[in-house]
Amino acid sequence: MRRSPLVGGITARFIALFAAVALAPLLVYGLISLRTLEEATHRSVSAGNLNVARRAAEHIKLYMLGSMKILQAVAADLQQTGLEPWQQDRILKNYVLAFPEFREVTLFDANGHPVVSSRLGPPRVTIPKRSATSDGAWSLAPVTVDDDLLPTTTAVVRVNQFNRTAAWVVGELNLVELWRMVDRIRVGEQGFALLLASDGCLIAHGSPDQKALIARGDTLLDHPLSRRPLPPGGADQAEYRGRDGNEMLAVVARIDPLGWRVIVEQPTSEAYAVSNRLQRLLGLVMALATAVIVAVGYWWGRSFLRPIFALMRGTRALADGHLDTRVRIERQDEFRELGDAFNSMADRLVELQADVRKQERQAMFGRIAAGLVHDLAHPIQNIGNSCKLILKMSEDAGYRETFKRTVDRELTTIRRTLEDLRNVARPIPLERFPIDVNKAVSDVVDAMRNYAEIAGLTLEAHLAPEPLVIEGDLFALGRVQRNLILNAIQATAPGGLVSVRTARVDGRVTISVADTGCGIAPERLGAIFEDYVTTKRRGLGLGLAISKKIVEQLNGHIAVTSEVGRGTEFRIELPGMARRPMAAAG
Amino acid sequence: MLGVNEIASVITNEGLVRTLRDGRHASALADGWEWIAADVLRIHLRRDARFQDGDKVTAGRAKASLDRSRHDSVQSQLYPTLRDIAAIEVEAGDWIRVRCARPTAFLLDDLEVPIRKWDTRGQPIGAGPYLTEETRRDGMILRASRHYFRGHPQIARIHLKTYRSLRTAWAGMMRGDIDLLYEVPSDTREFVEQESSVALFSFLRPYVYTLVLNHTRPMLRDPAVRAALNYGIDRQALIDRVLHGRGKAATGPVWPLHWATRRDAPGFAFDPFRANALLARTNGAPMELTGSADRMPARLRFACVIPAGVSPHEELAIALQKQFFDLGVDMRVEPLPIPAFLERLSSGEYDAALIDLNGGPGLVRLYLFWHSQGYWKTGYSAADEAIDTMRSAPDDNALVQAVSKGQRVLTDDPPAVFLAWPETTRAVSRRFEVPDVDGDLIKGIWEWTLRP
């Protein structure tokens, strides 16, 4: 279908309006929400992981300081208590049994010679020459992984007497509990923790598959958070690409005073999974909302524009000559009224066109009829005259009678036809004066009874008891009655009945002509008053049309009811006069 | 190298029968046997059994191997019932007849002794799935035998290697250099089991940590004292503390999974009050409630020898010492180098000794360690009758009765403080598909396959 620029313009403007009003705010809101959500969840995840790292750092700090306090307690138990060697021995062994993290505790004198040890044989530990961490009262050697694959360090507590070193309590500290602590730290499914010494040496790794790094004594100096300066108690975070190629979110918390670091790592794919899921969800919701809005807008827009398009199509169709085009608008609004108006306009247009055609046809046939009447009148008159001469020339009386009757009948028919044609071409002006319908009907019935008898019918007249006066043209009304009665006679089989009735109903005078004939098919009933429509084999079909025209000229109305096989009734209503005037025609 | 040789022996040798974990016997080189008299056992050899050089394991060769083992001082000590064999006869149809000097139900246990032949250079040739290809300073290389009767091993070569420490061994395993770690210490298991590339296999080891008490020493002569020491020990605490929960408290020297063992056999539940009461009313035990600079005050003192530097004996000794200390018993621990330790054991020069003893799965180990004619030179004979009854039990019912009696005797007059049956763990690379095996998975190594 060709679409006019106007339609495209309306649609485009409508879409633009819809997008501006509905979609743009939604998209702006969605984008802002997405961005806000991303930032908030990232901050939240980092803060959560950092909290985990800080708590782990606190636990590790407490554990290590607790171990130092145990060692200090050992020193306190042994210092200046006058214990026998076996008692000191027992104390050390009891401590080792009570605190399994101490694999050995040995008391050294000020010169570094072992005095008593928890071990059954010679002590394994010595006073470390290098300490990784020191707090004045105690120090820790660097953490190593021992031959049994366990993380170990040596802790030393100095026992002072008179501000001089009197002894050393040295403990071999099994740090496997740190591994357990670190192993217990799980962030999500894939997040884990690492524990780094101050020199970057890996002490514990929460990932089971990465523990071999510890056995190898690896350092994590390439980790972005292993060397980044941190103030005491400080924390930091970074995102980096891990050794396995995964993007990682890492947070670090410093363990004071050990100088160690707890790093909590989590693949960003998991760390931000909730954020990503929410973003996807929000995006999905936005997309759905957009789709719904677009769908609703499309539907609504279509429903809004559909009547306009329908009207435009209808108008275009009418313009193209398709007068049967109608628009169908179901809505109950102004568009419906517009559609109804359009349809009414189309109906009226059809009627006007039909009227125009009818008038054109009537005018054309009027001219033809006038021409025929004019051209045939003299030849028919001459034929009539000639027939009279011929009649006089014949000596056979029977022949002459038959010839005369035939010629008179046919000439009468021709004259009536010509009269009809003349009336079509140039309607006779009515001469109105009061007439008694009963008398007029009675005269016509009496005049036509002979026709009925010839056709083997009964023609009855049932006249109203009182005079029925109307203002009319007696001649024209008689013509109407003859037409109707003649049609009834011609449509009724021999033995049938044609009855003519007059009555006054509600001040109007009615004349009905009913027969018991063959009746008229319903599909033809509506057109029988039109010109040149007839159910008979002979005639031009002008009788009913002229009758209708005469009745309407008399401000009356003619109607017909018929049932095929039962008969037909024509009913004329004419405005009656209230009282008989002084003299009524007929 | 001792450990490597023991592992190699398991893989390279095959005996006539195999003792299962429940003490029952399964066929090995012998596919059937029958006692035709209380002291005569007929054994039928598999027809497809071959030595690693391809020679068939004939009745004559099996007899020769058994004869050599029962006359070998080391083998006869490890398999003591071989000494009961009076004669071995070869019969037609791959049968051998073993005639014993007396009825012995332990004979089948000791028929696990490797059946071997010797080449011209005097080197033994076993019938196991692998044979020794090369002996190196740090281990051995074993090669799959083409003649192993159960089928050709899937692994062509096995390199047995000793490592200085678990750490280096583990690092080797992580590098993929090592596929099997023979023993994972219980305190390291927690760490090792997290490694996804390694599968751990644990099973109860038929060795029992035992504090052997020399009853010939005056302070330990009274059975009530020894019973008191047994009641005074919280075995589960020892298992939890020293074995990290991986073990089973021992009620005696009888392998707890043995089919003839009574599950409700009398034992020593931790009862320090009873221990205290027993010690208090013991007249024979010296009571010293005063101490010195080097000795704690105690009412019972004895020395315990342990192998120095061997884990977990030292930790176990310290924990035992503490529990005895709480009981007023002074157990002085004397770590000794292993040779000296073994010398002291064999000579009987000790008050007590802490050792892990082979206690199963066959009952013959009872005889080896707890019969007066066994390994210990303590003259402990209280269980002799019960063990002899086990040994001569003509049927399963009699054996059950005898074992029950033996468990009761060993409780009434305990020769030791039986502490725990430890669990041992092997770590295997997940590259291998390891089929289920009764007991130690190393016995089924010939069936291991590489995962696709």
Show your working on salt bridge (Lys or Arg N to Asp or Glu O under 4.0 Å) between B:Arg451 and B:Glu433 and close with a plain yes or no.
CA-CA 6 Å; B:Arg451 289 181 193 272; B:Glu433 186 80 48; 3.1 Å; yes

Does any N or O in the side chain of B:Asn230 come within less than 3.5 Å of the main-chain N or O of B:Ala416, such that one atom is a donor and the other an acceptor?
yes

If we define contacts as heavy-atom pairs under 4.5 Å, which of A:Arg103, A:Gln88, A:Lys93 has the most with chain B?
A:Lys93

Please classify the contact of B:Ala319 with chain A as side chain, backbone, both or neither, using a heavy-atom distance under 4.5 Å.
both

Please confirm whether the backbone N or O of B:Gly139 pairs with a side-chain atom of B:Arg136, one donor and one acceptor, at under 3.5 Å?
no

Under 4.5 Å from a heavy atom of chain B, the part of A:Ser207 involved
neither

Where on B:Gln321 is there a heavy atom nearer than 4.5 Å to chain A: the side chain, the backbone, both, or neither?
both

Plane angle bin for B:Phe302 and B:Phe324 - parallel if under 30°, tilted between 30 and 60°, otherwise perpendicular
perpendicular

Of A:Leu83, A:Val176, A:Asp183, the largest count of non-hydrogen pairs under 4.5 angstrom with chain B goes to A:Asp183

Heavy-atom distances under 4.5 Å only: say whether A:Arg124 touches chain B with side chain, backbone, both or neither.
neither

Side-chain touch B:His313/B:Asp356, heavy atoms, less than 4.5 angstrom
yes

Would you find a donor on one side and an acceptor on the other, under 3.5 Å apart, between the side chain of B:Arg426 and the backbone of B:Tyr182?
yes

B:Arg431 side-chain N/O to B:Asp179 backbone N/O, donor-acceptor pair under 3.5 Å
no

Below 4.0 angstrom, N of the basic side chain to O of the carboxylate: do A:Glu84 and A:Arg90 qualify?
no

Anything in residues 105-117 of chain A with a heavy-atom distance to chain B below 4.5 Å? Please list those residues in order.
none

Lys NZ or Arg CZ of A:Arg186 over A:Phe192 ring: under 6.0 Å, within 45°:
no

Please state whether the side chain, the backbone, both or neither of B:Phe325 comes within less than 4.5 Å of a heavy atom of chain A.
side chain

Which portion of A:Asn174 sits near chain B, non-hydrogen atoms under 4.5 angstrom
neither

Salt bridge (Lys or Arg N to Asp or Glu O under 4.0 Å) assessment of A:Glu58 paired with A:Arg55
CA-CA 5 Å; A:Glu58 188 64 24; A:Arg55 278 194 291 132; over 6 Å; no

